[in-house]
Structures are given as structure tokens and as C-alpha cells.
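To keep things clear, I will list the structure first and then write my remarks on it.
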Protein chains: 2
Amino acid sequence: MSEPRRRADAVRNREAVLDAAEALFARGGADGVSMNAVAEAAGVGKGTVFRAFTDRTGLLQALAERRSAPLRQAVESGPPPLGPGAPPRERVVAVLNALLGAKLDNQGLYLALEEAGGAASPYRSPSYGWWHTVLRDELARLTGTAGRADFLAHALLAAVRADLVAHLTVDERLPVAELRRRLTAYAHSVIPPEGG
Amino acid sequence: MSEPRRRADAVRNREAVLDAAEALFARGGADGVSMNAVAEAAGVGKGTVFRAFTDRTGLLQALAERRSAPLRQAVESGPPPLGPGAPPRERVVAVLNALLGAKLDNQGLYLALEEAGGAASPYRSPSYGWWHTVLRDELARLTGTAGRADFLAHALLAAVRADLVAHLTVDERLPVAELRRRLTAYAHSVIPPEGG
DNA sequence: CGACGATACGGACCATCGGTCCGCTTGGCA
DNA sequence: TGCCAAGCGGACCGATGGTCCGTATCGTCG
């Protein structure tokens, strides 16, 4: 069961690749961030990148994982309203807004991550499952049927998808503050009241 | 201003390509439908495909256009509840359900269409704009502020995105009837009441 | 400390894909 | 019937994700 021990240089390189890729996404946006570019920026061979992350999707997921770790931590065990304990309505809205924030920073990364189809569909990533579970469980405390909470969670997450967010802020030039306001209003109107 | 007249063989070939591509998507799903494959299946050179449709996105959009023309027609000038005239709530729900139906048939096509990023983002296609306008205008009759209706329309459309639909029906094995029920319930709960 | 096997490196290499180019063919009009 | 613009097709191109394998390095054990 124990992991077979990783060599020191492998660990070091993995970190370097992660850093380089993060920088590339932060700087240029989504385009131009090819695996070749990442390897070069990290000062590492291409094979090294693929050994560390299996494929492009693996790299993107690891990257997103690292970037959103604090947020997940806050949701898992931080103080309300993000952490457990707040009334369901408030917590769901807080989580959605936090997620929106993550997509706004890291636009390039999340665009790349959600673009993939087939086996790499965003819906198949463990990360999506995690967020969906959090929302669903919280919503289940408000709605009668489980199926309802389940679909509602999907719908709410769909409203903060990276490409929609990018479209609204970049193409339509909707100010971020306004976007936040609309998302919040929408979420409030969607989430059923306390009385089920 | 007049279109420069198209040669007969060009028209014929265009149709052949459309048919071949449609068949490919209907049969195999999204994968394997490369431009090369389409050209070959149509019994036509690759250059011909690109002259007729400019690029891959053009082909996909033309394809989707053709497949959904009757639906658009029905929404534009058909009988209620899909056509104009029905109460906003019912019409919006009807349109969403119709859209869901279109994504369920033609899964491969819509998956391919929504996968694209960058300049070919689904949100930049005229088709999306059209559906969004329809929903927004209808919703605007119910909500106070325009911005609210606008975002709500986006959110509702996001709930029937091809990859989400595929995830629910294929991965989660959610029966189509159940999906329809949940979508309808969700839409009803989201759309503000008449007095809104 | 030396040596040996497992692990990792790197970049040449490969297959595939969307898209372009251009010499040849064909349709349509006078 | 002859001319020429419109169209054809498939070889070709550049980029990309992913693989392969000879070589270098790590870490351990005697």
C-alpha cells in the first residue's frame, strides 16, 4: 500500500513544472500554454513533465488543486459562512462567490481545465464531484427530495463555469462587482427558503 | 450586394458534406469526427470541405443550424407554449425542455460544438445569442431589473449544456424522463412568479 | 567509500489534427 | 465551341499531445 518513495530530483522537478505552468497561465492567458512551453519554461525535458503528471489534464488538475487548496480548506473546516455551521442559504452563496473569485483569478487555467471533453470532461474530475457534494448536501437540508438538491447543485455550479464568467466579464465587459451582485441575487432566488 | 452565384457542384458537395458529417456524429459520437474523416465520408477532398465551411467551427455551426432549424422556427412563430403568446413561465420552461431534447439527440454534435474555446467559444456563436435573447426577453416581463433577467437566462441555458446533460445521462445513468422532471422543477422554482 | 540497480531525465521522434496551397478540372455563359 | 472564373483534391505544413529509449543520477547496501 505504501507509495514507492520518490527521488529527490523528481520532487524538485515536479514543483518546478507546477511553478512554471502557473506563471505561464497567470501571464499570458490560456493560449500558448502547450506542454512544450511548460517544459521549456521549467527548464526540464518534456518527458519529465509527462512522467510527473501523466498527461495534460493531470497537469491542469494538479495546478488547480494547488491553487484552490486554501479555498477547499476554508470550506472544509474554516469559519462560517464558508466553513460549516452557517445557515445553508448563506453558506451556498458564500461558496459560489468564492468559486467565482477563483475563476476570475486563474481565468486561463480554469478555461483550459473546462475546455477538455471526452474522458477529461470537467464533470469527471474529482474536484467537480467534491464541490457538487458540498453544495448538494447543504441544499438537501432545504429541499424535500434528494434529486432536487442534486440537480440544483449542478445548475448552480454551471452558472459559474469559466467560459461563461469569461464571456460576461471580457466580451460583455460586465464589471466584476455587478457580476457578483447578479450571481448572489440569482443564488438567493434559487435556493428554497428554510421551510422547504 | 448580391451573392456571387454558386456553382451547382459546389452546392451539391456542400450538402454531401453536411449529410456525411451528420451521419458521423449520429453514429459514433463525438470522437473520430475529424475534418479528414468528414471529407472522406462525403467522398470529397479536404479542401472542398474547408472552402464550403471556412473552418471546423463553421461546419459544426452549419450542422447545428440545420438540425435545429425546425425548433427555432417553432419558437419564433409556432403555436404556444413554444411559440410566442404563452405565459412567460410556461414558454421558458417549454423552450428549455426543447433545448434539452435537442442536446439529447445530437449529443456528439453539441458536445463538439460547446467544447471549443477561444474565439469559437459557444458564447460567441450567434446561435447562443439568439436563444439567450429569447429567454431574456421573456423573463424580463417577470423580473424588475433587466440585469436580473439577463443573468437568469444565462444560468438557465448553462443548466442544459451538452456536457452536463451527457454527464447526467451517461455517467450517472439518470433516466431521461427524470432529467426532464428535474429540469422542469428547477426552472419553475427559478423563474419569478407573475407578480415579481 | 565504491559500486550497483532502480529511478528519472531529456529530447528526438511519432501520429494526428486543423488548415493552406496550387496545379488541374469542370461548370456555365457568350 | 471555346473561354475563364469557380471549384476541386490531396500533398503539404506547423503545432500539439504523447511515447521511447539511451544516458545520467540518486540512493542504498556491502
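In the text below, chain A, chain B and the rest are named by the order of the sequence lines, each starting its count at 1.
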Write down the protein N/O and nucleotide N/O pairs, taken from nucleotides 14-20 of chain D, whose separation is under 3.5 Å; answer none if there are no such pairs.
residue	atom	partner	partner atom	Å
dG17(D)	OP1	R56(A)	NH1	3.1
dG17(D)	OP2	M35(A)	N	3.0
dG17(D)	N7	K46(A)	NZ	3.4
dG18(D)	OP2	R56(A)	N	2.8
dG18(D)	N7	K46(A)	NZ	3.1
dG18(D)	O6	K46(A)	NZ	2.4

Would you kindly give the [atom1]-to-[atom2] distance between [X] and [N], to the nearest whole Å?
X: R12(B); N: dC8(D); atom1: CZ; atom2: C1'; value: 12 Å
X: N13(B); N: dT25(C); atom1: CG; atom2: C1'; value: 13 Å
X: E40(B); N: dA11(D); atom1: CD; atom2: P; value: 12 Å

> So, are R181(A) and E178(A) salt-bridged, with charged N and O less than 4.0 Å apart?
Replying inline: yes
>> Could you check whether K103(A) pairs with E114(A) (Lys NZ or Arg NE/NH1/NH2 to Asp/Glu carboxylate O, under 4.0 Å)?
In response: yes
>> I'd like to know if L99(B) and W130(B) are part of one continuous hydrophobic network [Ile/Leu/Val/Met/Phe/Trp/Tyr, side-chain heavy atoms within less than 4.5 Å].
In response: yes
>> Quick check on Q61(B): does its CD atom have over 12 non-hydrogen neighbours (other residues, nucleotides or ligands) under 6.0 Å away?
In response: yes
> Would the number of heavy atoms belonging to other residues, nucleotides or ligands and lying under 6.0 Å from CZ of R66(A) be above 12?
Replying inline: yes
>> If you assign each of G45(A) and R6(B) to its closest nucleotide in DNA chain C, which residue comes earlier from the 5' end?
In response: G45(A)
> Taking the side chain of R7(B) as its heavy atoms from C-beta onward, which of dA8(C), dG9(D), dA5(D) lies nearest to it?
Replying inline: dA5(D)
>> Let's see if you can work this out: which of dG27(C), dG10(C), dG27(D) has an atom nearest to the side-chain heavy atoms of T48(A)?
In response: dG10(C)
> Using a cut-off of less than 4.0 Å, is there contact between a side-chain N or O of R5(A) and OP1 or OP2 of dA6(C)?
Replying inline: no
> At what distance, to the nearest 0.5 angstrom, does CG of L104(B) lie from CZ of R180(B)?
Replying inline: 6.5 Å
